[in-house]
Amino acid sequence: MCIIISLYGIIVCVKLKILFLAAILSSATHAAGKSALIPAAEWRMIRQIAVNYDLDEDATWLLAAIRRHENGRPGLEFGIGGPMNSGHRAHRYRDGVKSFYVQGYWAAGTVRKHYRGDIAAFGRRYNPANAAKWSASVSSLVARLKAENGGALPGRRPAKRELHLP
């Protein structure tokens, strides 16, 4: 509390309180308005891919972290196949949804085939050129995604379904 006798002191004290409150409100608004690491629409697609590929919860977190880490444009959402014009079969589409599923299926297949609970060992397979850095980043993202979502995968678990892409 401010106990000041002079009028000037009271004005300074009130200004300080206003600045303090503004700083608190600003940081609270910023924290509340912070965008999610992965948008809800992408989470729905990631969960569908994980169900279709019989990935467990741990592998689903990894798949989501791969998406966030690679963060590619349409055609490279999960970083599969290198440059866009490399001729890799995962580069079939340039639109957001078809491409996301194709890239996601390739990533999920690699996760299902090679992930055994050790992100560092998996990183040597998924990104051999920068395995240590990639693994550290993806491990951090898994932790951040879990913290952001309260430790539970967001949304409902979808039913397994066949997705037909032209």
Side-chain angles (χ1 to χ4, degrees), residues 27-166:
S27 64
T29 303
H30 177 69
K34 209 161 73 169
S35 62
L37 288 171
I38 295 179
E42 286 190 7
W43 265 117
R44 284 189 294 277
M45 291 188 282
I46 288 168
R47 299 269 334 248
Q48 187 66 61
I49 292 165
V51 165
N52 287 359
Y53 270 76
D54 297 319
L55 299 182
D56 63 14
E57 186 174 315
D58 189 37
T60 303
W61 286 114
L62 174 60
L63 185 63
I66 290 170
R67 165 59 184 131
R68 179 65 178 138
H69 175 79
E70 298 296 341
N71 203 26
R73 66 185 187 284
L76 289 170
E77 291 87 348
F78 289 81
I80 303 294
M84 188 64 167
N85 297 322
S86 69
H88 195 279
R89 293 178 311 200
H91 296 172
R92 296 183 195 159
Y93 308 105
R94 289 185 185 266
D95 76 60
V97 175
K98 289 182 206 174
S99 148
F100 192 97
Y101 277 113
V102 170
Q103 284 273 306
Y105 285 157
W106 278 82
T110 304
V111 169
R112 183 175 67 190
K113 188 173 181 181
H114 298 285
Y115 180 61
R116 303 290 174 258
D118 181 0
I119 291 177
F122 178 76
R124 290 189 289 277
R125 169 75 174 116
Y126 201 86
N127 188 343
N130 297 310
K133 186 177 178 181
W134 186 92
S135 299
S137 176
V138 169
S139 293
S140 172
L141 280 168
V142 167
R144 288 176 56 201
L145 286 166
K146 285 181 178 180
E148 179 178 275
N149 293 287
L153 289 168
R156 292 182 20 216
R157 185 178 191 275
K160 196 175 228 182
R161 66 179 194 183
E162 191 69 31
L163 295 174
H164 299 284
L165 300 172

_For S137, give me all partners under side-chain hydrogen bond (donor to acceptor under 3.5 Å, both in side chains), at least two apart in sequence or on another chain._
H69
*Partners of Y115 by side-chain hydrogen bond (donor to acceptor under 3.5 Å, both in side chains), sequence neighbours excluded?*
D58
*asked:* My understanding is that only one of N149, I46, I38 makes a side chain to side chain contact (heavy atoms under 4.5 Å, CB included) with P154; could you say which?
replied: N149
_Can you list everything that forms a side chain to side chain contact (heavy atoms under 4.5 Å, CB included) with R161? Sequence neighbours excluded, please._
Q48, Y101, L163
*asked:* Just to verify, what does A108 make a side chain to side chain contact (heavy atoms under 4.5 Å, CB included) with, not counting sequence neighbours?
replied: I49, Y53, L55, L63
*If you look only at pairs with a residue in residues 117-133, which of them pass as a side-chain hydrogen bond (donor to acceptor under 3.5 Å, both in side chains), with sequence neighbours excluded?*
H114-R125
*Which residue pairs pass the side-chain hydrogen bond (donor to acceptor under 3.5 Å, both in side chains) test when at least one of the two sits in residues 37-47, sequence neighbours left out?*
E42-R67
*Over all heavy atoms of both residues, which pair between V51 and K160 is shortest? Give the atoms and the distance, please.*
O-CE, 3.3 Å
*So, for T110 and F122, which heavy atoms are closest and what is the spacing to 0.1 Å?*
O-CE1, 3.6 Å
*asked:* Test of understanding: with salt bridge (Lys or Arg N to Asp or Glu O under 4.0 Å), list the residues that count as partners of K113, not counting sequence neighbours.
replied: none
Only pairs under 3.5 Å count here: list side-chain donor-acceptor contacts from residues 138-148, not counting sequence neighbours, and write none if there are none.
unit_1	atom_1	unit_2	atom_2	d
S139	OG	S135	O	2.9
E148	OE1	L37	N	3.1
E148	OE2	L37	N	3.2

*Would you say the side-chain atoms of E77 pair up with the backbone N or O of G104, donor to acceptor, closer than 3.5 Å?*
no
_pair L76-E70: side-chain heavy atoms closer than 4.5 Å_ = no
*Which distance, rounded to the nearest 0.5 Å, do you find between the OH of Y105 and the CZ of F78?*
11.0 Å
